[in-house]
2 protein chains.
Amino acid sequence: MLQIGELSDLTGVPAKTIRYYEDIGLLPPARRDDNHYRLYEQKDAERLRFIRSARALDFSLQEIAQILAARDRHEPPCGHVMEIIQSHIDEIEARIRELEQLKQELTVLYDAGQDLPEDVHMRSCVCNLIQISGTKKGN
Amino acid sequence: MLQIGELSDLTGVPAKTIRYYEDIGLLPPARRDDNHYRLYEQKDAERLRFIRSARALDFSLQEIAQILAARDRHEPPCGHVMEIIQSHIDEIEARIRELEQLKQELTVLYDAGQDLPEDVHMRSCVCNLIQISGTKKGN
DNA sequence: CATAAACCTTCCAGTAGCTGGAATGTCAAG
DNA sequence: CTTGACATTCCAGCTACTGGAAGGTTTATG
């Protein structure tokens with residue numbers, strides 16, 4: 001029988017977050033001690049570790065909730081999980097491409113800024129370059 | 001003299017967002033028509049375009065606010081801007097590395113999942129793999 | 001003149017995933 | 001008896017918006 005702080009130490013998930021997970025239904029309502037303190041067992045630690053691992057893989061709480069709900073109903077969620085994983089990989093690849101592009105733009109901007117002389121009147125300022133660059137989103 | 005909808009069309013920034021920017025002080029309170037409608041001029045469009053460009057470069061509203069405030073005080077914010085740009089580039093590089101790592105992990109997981117047989121009893125399920133993998137954040 | 005559509009206004013609430021803090025209760029040690 | 005370390009609930013805030021309700025204004029049309 002664990003108190004919330006012990007469960008927290010065991011799993012690395014802050015107590016505050018554990019309560020939050022309970023609030024949103026990701027964890028079932030915890031048993032309570034006579035003093036209303038939450039009481040946990042090993043299987044709670046496992047569930048929490050699963051959540052933490054999935055979060056580390058950038059699964060959303062909603063996705064995790066779906067997977068856990070399937071498991072709670074004793075349905076193997078593998079197919080679903082595999083779909084999520086695939087779509088995550090796709091998203092990550094897209095995001096990486098976006099970031100590469102963004103980095104490229106910022107680098108160009110930075111280099112251009114380096115070449116500008118000091119100008120108190122702001123006729124030449126990186127700001128002006130910003131106006132010109134980065135006009136791609138929401139064209 | 002532009003109404004908010006026209007300014008929106010001109011800049012590609014939703015009217016709702018323009019009001020929001022005013023609320024948080026990124027735009028000065030707009031002049032009002034007799035009917036309380038907001039009225040804008042060309043220079044508002046420019047300021048808004050600057051904001052939009054900087055957002056496209058992933059500057060936070062706070063960073064943008066700082067830059068604009070400096071400009072409003074007729075101080076060239078170049079040095080500050082250059083610092084922001086540099087730190088953004090650093091962050092982006094770090095983020096890309098994170099995402100590459102994450103993608104790698106997900107790919108390994110996916111491939112392992114592919115090789116698992118159908119198992120109604122969930123003894124072999126990607127879920128179990130998740131428990132083992134992704135235990136890197138918040139060790 | 002009534003009415004509809006297309007504007008505009010304000011204000012409240014919600015998104016994700018927590019985190020901080022206040023006010024309060026419980027428990028063990030000195 | 002008090003101090004400290006736990007726990008509890010509830011409310012608010014973070015980012016950058018976005019949706020929607022409830023209402024006012026303007027213009028066009030029947």
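Environment of CD in A:Glu6: crowded, with over 12 heavy atoms of neighbouring residues, nucleotides or ligands closer than 6.0 Å.
Remark: A:Ser60 is not in phosphate contact with C:dA16, judged by side-chain N or O atoms under 4.0 Å from OP1 or OP2.
Contact detail for A:Leu68 and A:Leu26: the closest heavy-atom pair is CD1-O, 4.0 Å.
Using a 4.5 Å cut-off on side-chain heavy atoms (C-beta onward), A:Ile51 and A:Val13 make no contact. Taking the side chain as every heavy atom from C-beta outward, B:Leu39 and B:Leu2 never approach each other to under 4.5 Å.
B:Asp44 contributes a side-chain N or O that, together with a main-chain N or O of B:Glu41, makes up a donor-acceptor pair within less than 3.5 Å. Under a 3.5 Å cut-off, the side chain of B:Ser8 and the backbone N or O of B:Ile4 do not form any donor-acceptor pair.
The side-chain contact (heavy atoms from CB on, under 4.5 Å) test with B:Arg38 is passed by exactly one of B:Arg31, B:Gln3, B:Glu22: B:Glu22.
Of the residues in residues 20-30 of chain A, none lies under 4.0 Å from DNA chain D by heavy-atom distance.
Nucleotide C:dC18 holds its C1' atom 14 Å from the CG atom of A:Leu48, rounded to whole Å.
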Base-contact (B) and sugar-phosphate-only (S) positions in nucleotides 4-15 of chain C, heavy-atom cut-off under 4.0 Å, - elsewhere | ---BSBB-----

Please step through side chain to side chain donor-acceptor pair (under 3.5 Å) for the pair B:His88 and B:Glu63, ending with a clear verdict.
-> CA-CA 11 Å; B:His88 274 230; B:Glu63 287 167 336; 3.0 Å; yes

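Bounding nucleotides for the chain B contact on DNA chain D, 5' to 3', at a heavy-atom distance below 4.0 Å, are D:dA16 to D:dT26.
Clustering ILVMFWY residues whenever any of their side-chain heavy atoms sit less than 4.5 angstrom apart, transitively, puts A:Phe59 in the very cluster that holds A:Ile24.
A cation-pi arrangement is found for B:Arg71 relative to B:Phe50, the charged atom lying closer than 6.0 Å to the ring centre and inside a 45° cone about the ring normal.
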